[in-house]
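Remarks on the structure that follows.
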Amino acid sequence: RPGKPSSSPFCKGQSRGGVEDGPERIRAAGLQRRLQQLGCAVKDYGNLTFEDMSPDEPMGLLKSVRAVGAANQKLSEAVRAVKEDGHTAVMLGGDHSLAIGSIHGHSAAVGELSVVWVDAHADINTPLTTYTGNIHGQPVSYLLHELRSKVPVLPNFSWLKPCVSAADVVFIGLRDVDPAEHYILKMLGVKTFSMSEVDQLGVARVMEETCDYLSARGKKPIHLSYDIDAIDPSVAPATGTPVVGGLTYREGVYITEHLCQTGLLSAVDLVEVNPLRGQTEEDVRSTVSTAVDLLLGCFGRVREGNHLPDYRLP
Ligand SMILES: N[C@@H](CC/C=C/[B-](O)(O)O)C(=O)O
Ligand SMILES: [Mn+2]
Ligand SMILES: [Mn+2]
Ligand SMILES: [Mn+2]
């Protein structure tokens, strides 16, 4: 299970500086060493560098369109290469607009895929429904075949083709969905497990239903796009758009443990860790530590303990 952190320190999909520092904090917390201790052959592809761009001329409400487009084109090529190297791709954000490039590149390598989107938010505003202009609230609309007519071709986005079907997406953790997003989710019949369903069913049943739902359409490679703000801010406060009433640490980890055991996990995004948004160093430490544990759950760490196959008692 080779973990491959390719990280993208990028913040232009939203307005708060600091999220570009997320990858370094996750690395500094020892992600690579912890993955290697699980038996993973880890290759760190390093940080993608993004050229500074002059400010865009206004495009409706949209912010930093050309920078986001260029960054995601570069990320798409990088993720495709990691997948074609035969690895499970890990993209460390940076903000959630990066899921555009991550999922596009993953799909370029594997074709049809399923998306499990773990997030307080649906991130499915279109360029015309967004009320903030922040593209980290829009990535899903750029990726869905069914919304192609609702997403104009934007500067530096001409490379992007929709590559995901609405029926192959499952949302988990929703609790802050805009009216237009809710309309879109209902119109397209997208499978969602909001925090109400997490409370009602429990996380084990949510994951059982998620996997049954996705496998009913054929066992496609799974792209897990994990926004750290899915986790309750009491555990992961250092993020740009915190929302109360989130997943517990245990629920968050259970989701990754369960997806790992499907054997279908093919790429993981871990985004929106923003060290500058923590009130204290403990806030940042707790957020980063949770992000690392979520990633370790994706690659086989289980809470009962692990030991390497070749371990022998002294
Ligand atoms: N729906 C809001 C919030 C977006 C949140 C994005 B996030 O999930 O990537 O944190 C917007 O469109 O700006
Ligand atoms: Mn998000
Ligand atoms: Mn979010
Ligand atoms: Mn965000």
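Order of appearance sets the numbers: ligands from 1, and atoms from 1 within every ligand.
The Mn ion (ligand 2) is closest to atom OD2 of Asp227 (considering only N, O or S atoms). Within His121, the N, O or S atom lying nearest to the Mn ion (ligand 3) carries the name ND1. In Asp123, the N, O or S atom that comes nearest to the Mn ion (ligand 2) is OD2.
The Mn ion (ligand 3) lies at 2.8 Å or more from every N, O or S atom belonging to His96. Not a single N, O or S atom of Asp229, from either the backbone or the side chain, sits less than 2.8 Å from the Mn ion (ligand 2). Backbone or side-chain N, O or S atoms of Glu272 do not reach the Mn ion (ligand 3) at under 2.8 Å. Residue side and main chain included, His136 places no N/O/S atom under 2.8 Å of the Mn ion (ligand 2). Backbone or side-chain N, O or S atoms of Asp119 reach the Mn ion (ligand 3) at under 2.8 Å. The nearest N, O or S atom of Asp95 is not closer to the Mn ion (ligand 2) than 2.8 Å.
Using a 4.5 Å heavy-atom cutoff, the side chains of Val68 and Phe10 are in contact. Side-chain atoms of Glu209 and Asp212, non-hydrogen and from C-beta on, never get closer than 4.5 Å to each other. A heavy-atom distance below 4.5 Å is not found between the side chains of Ser194 and Phe171. Counting heavy atoms from C-beta on, the side chains of Thr287 and Pro237 come closer than 4.5 Å.
For the pair Tyr131 and ligand 1, the shortest N or O to N or O distance does not fall below 3.5 Å. Residue Asp176 has no nitrogen or oxygen atom sitting less than 3.5 Å from a nitrogen or oxygen atom of ligand 1, judged on distance alone. An N or O contact shorter than 3.5 Å links Asp229 to ligand 1 by distance.
Asp229 and His121 share a donor-acceptor pair across their side chains, judged by distance under 3.5 Å alone. A donor-acceptor contact closer than 3.5 angstrom links the side chains of Glu24 and Asn47. Using modelled atom types, one finds no donor on one side chain facing an acceptor on the other under 3.5 Å when comparing Asp269 with His96.
Those atoms of ligand 1 that come under 4.0 Å of a heavy atom in Asp178, given as number and element, are 1 (N), 2 (C), 12 (O). The His96 neighbourhood of ligand 1 comprises atoms 9 (O), with distances under 4.0 Å to a heavy atom of that residue.
The pair Lys219-Glu112 does not count as a salt bridge, with every side-chain nitrogen at least 4.0 angstrom from each carboxylate oxygen.
Side-chain N or O atoms of Ser8 include none that pairs as donor or acceptor with a backbone N or O of Leu48 at under 3.5 Å.
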* To do: Decide yes or no on salt bridge (Lys or Arg N to Asp or Glu O under 4.0 Å) for Arg34 and Asp293, but give the supporting numbers first.
  => CA-CA 9 Å; Arg34 301 274 308 273; Asp293 289 353; 3.8 Å; yes
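At a 4.0 Å heavy-atom cut-off, ligand 1 does not touch Gln14 at all. Using a 4.0 Å cut-off between heavy atoms, Asp95 makes no contact with ligand 1 at all.
Taking the ring centre of Tyr183 as origin, the terminal cationic atom of Lys186 falls outside the region bounded by 6.0 Å and 45° from the ring axis.
The option from Asp119, Asn274, Thr132, Leu98 that lies nearest to atom 13 (O) of ligand 1, judged by heavy atoms, is Thr132.
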